[in-house]
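Indexing begins at 1, ligand by ligand and atom by atom, following the structure's order. FYI, side chains are in, hydrogens and waters are out, and symmetry mates aren't considered; it's all heavy atoms of this structure.
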Amino acid sequence: MTRALLIDRIGELTTNEPGIGAGIGGRIADAAVVVEGDRVAWVGPAGRAPAADERVDAAGRALLPGWVDSHTHLMFAGDRTAEFEARMAGEAYAAGGINVTVDATRAAPDAALAANLDRLVGEARRSGTTTIETKTGYGLTVADELRSARIAGRSADAVTFLGAHVVPAGTDPAAYLALVTGPMLEAVAPHVSAVDVFCEAGAFDAAASAEVLASARAHGLATRVHGNQLGHGPGVQLAVAHGALSVDHVGFLDDADVAALAGSWTAGARGTVATVLPACDLSTRMPLAPARRLLDAGAVLAIASNANPGTSYTSSMAFCVATAVLQMGLTVHEAVYAATRGGAIALGMHEDGWRDPRGTAHARVGVIAPGARADLHLLDAPAATHLAYRPGMPLTAAVWRAGERIR
Ligand code: NIG
């Protein structure tokens with residue numbers, strides 16, 4: 001028989017269901033949550049909580065949904081400390097460093113790639129991340145992209161094919177595009193749920209990116225775009241026109257880009273999420289993405305870590321949330337929502353029945369509401385506001401993923 005767990009005396013519960021509680025986070029003070037199996041069974045005021053088999057006393061601390069990190073690149077080997085040092089000494093980021101990681105990744109045995117992935121996913125989970133997407137994109141041959149996708153699928157909740165990351169050094173761009181949209185996609189498609197393209201000067205232009213997105217759709221795969229990262233470009237408009245789930249980075253936007261992102265959600269349409277990557281903006285010394293402007297215009301926002309060895313070597317969603325609040329002008333509750341439910345929407349996991357790479361169907365994530373997957377993050381603080389009020393402090397007290405305590 002399924003045992004019920006009661007977590008009570010929660011000082012502040014963020015449900016992310018505005019109908020359940022106050023504000024964008026649907027917050028309830030002095031609350032309780034009941035978990036049965038891998039699902040949330042009940043939420044409400046502590047005084048009305050039903051009986052359960054086990055009890056955890058939250059002792060007045062804050063409980064929120066586990067982070068949903070919708071953008072990482074964890075299938076890699078090697079290290080780029082020297083490149084980071086040079087950047088902090090004034091050198092500009094150029095995507096050329098990707099080839100350094102490609103060489104290291106190709107040279108690494110499967111076991112080393114898997115061990116590195118598990119190490120990084122473990123770090124993320126201990127920091128409160130209960131859903132994590134990761135991308136291929138440092139293999140860039142059919143064999144290396146295929147093994148990246150297969151290995152990623154063992155531990156990530158979602159795997160995205162990023163064969164269109166850069167054209168590998170010494171390769172003809174037209175021939176590589178034909179490979180990525182043809183045999184490489186064919187090989188990788190059974191192991192991924194989405195296809196991504198780095199639409200940027202020096203990577204893939206608008207026409208090539210459009211081909212990548214069209215080939216993905218022809219295989220029944222969702223799409224995402226790395227867009228407007230290093231300068232203004234066609235990425236955002238392309239993502240919206242192709243119905244991509246998300247466009248990520250979005251650092252350089254004009255009014256038409258902001259309007260397109262906001263407009264993609266009108267009349268009940270499934271739009272394109274604008275995913276901001278604050279740790280990456282800082283680590284590349286790029287302007288911070290205009291998250292406030294996007295929200296004010298009506299866009300749907302996600303915050304993700306972009307954990308990778310080149311532009312953002314951190315999976316700390318707490319750091320990203322604190323940066324979004326302190327430097328991008330979001331309120332704490334807007335930032336927490338974007339890093340939980342926003343990420344779930346960006347991944348299409350905000351609805352029941354999404355399947356992980358192992359084929360298992362799951363309940364929706366990013367909310368604490370009856371029927372949702374029981375992904376819970378207990379803070380060592382009385383309110384989510386402490387994530388920005390006490391930046392950099394180790395505030396994760398406990399984490400449950402699908403009802404199982406993992407920290
Ligand atoms: O999202 N923009 C492209 N890809 C990664 C960085 C890759 C790298 O420099 O290794 C990103 O920032």
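- When non-hydrogen atoms are compared, ligand 1 lies under 4.0 Å from the side chain of H165 (C-beta onward) but not from its backbone.
- In terms of polar-atom proximity, R80 is counted as a contact of ligand 1, with an N or O under 3.5 Å from an N or O of the ligand.
- Looking at every heavy atom in both residues, A279 comes nearest to C320 through CB-SG, 4.0 Å.
- Looking from atom 9 (O) of ligand 1 to the surrounding protein, the closest heavy atom is Y93 OH, 2.6 Å.
- Counting heavy atoms closer than 4.0 Å to ligand 1, residue N306 contributes side-chain atoms (C-beta onward) but none from N, CA, C or O.
- At a heavy-atom cutoff of 4.0 Å, ligand 1 is contacted by no atom of L277, backbone or side chain.
- For ligand 1, the atoms sitting less than 4.0 Å from at least one non-hydrogen atom of I98 are 7 (C), 8 (C), 9 (O), 10 (O), numbered in the order shown with element in parentheses.
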Passes salt bridge (charged side-chain N to carboxylate O under 4.0 Å, His left out), R293 versus D255? Steps please. CA-CA 10 Å; R293 190 169 150 217; D255 289 348; 2.9 Å; yes
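- Ligand 1 places these atoms under 4.0 Å from at least one heavy atom of H71: 1 (O).
- There is no side-chain donor-acceptor pair under 3.5 Å between S283 and T311.
- For atom 2 (N) of ligand 1, the closest non-hydrogen atom on the protein side is Q229 OE1, 2.6 Å.
- Summary of contacts: the protein heavy atom closest to atom 12 (O) of ligand 1 is T311 OG1, 2.7 Å.
- Between the side chains of S315 and D69, no donor-acceptor pair is found at a separation under 3.5 Å.
- No hydrogens or angles considered: a donor-acceptor pair under 3.5 Å links the side chains of N306 and H71.
- Under a 4.0 Å heavy-atom criterion, Y138 is in contact with ligand 1.
- Remark: the backbone N or O of L230 is paired with a side-chain donor or acceptor of E200 at under 3.5 angstrom.
- Side-chain atoms of N116 come within 3.5 Å of backbone atoms of F76 as a donor-acceptor pair (strictly under, hydrogens ignored).
- Protein heavy atom at the shortest distance from atom 1 (O) of ligand 1 is H249 NE2, 2.9 Å.
- Open room surrounds CD on E91; 12 or fewer heavy atoms of other groups in view lie less than 6.0 Å from it.
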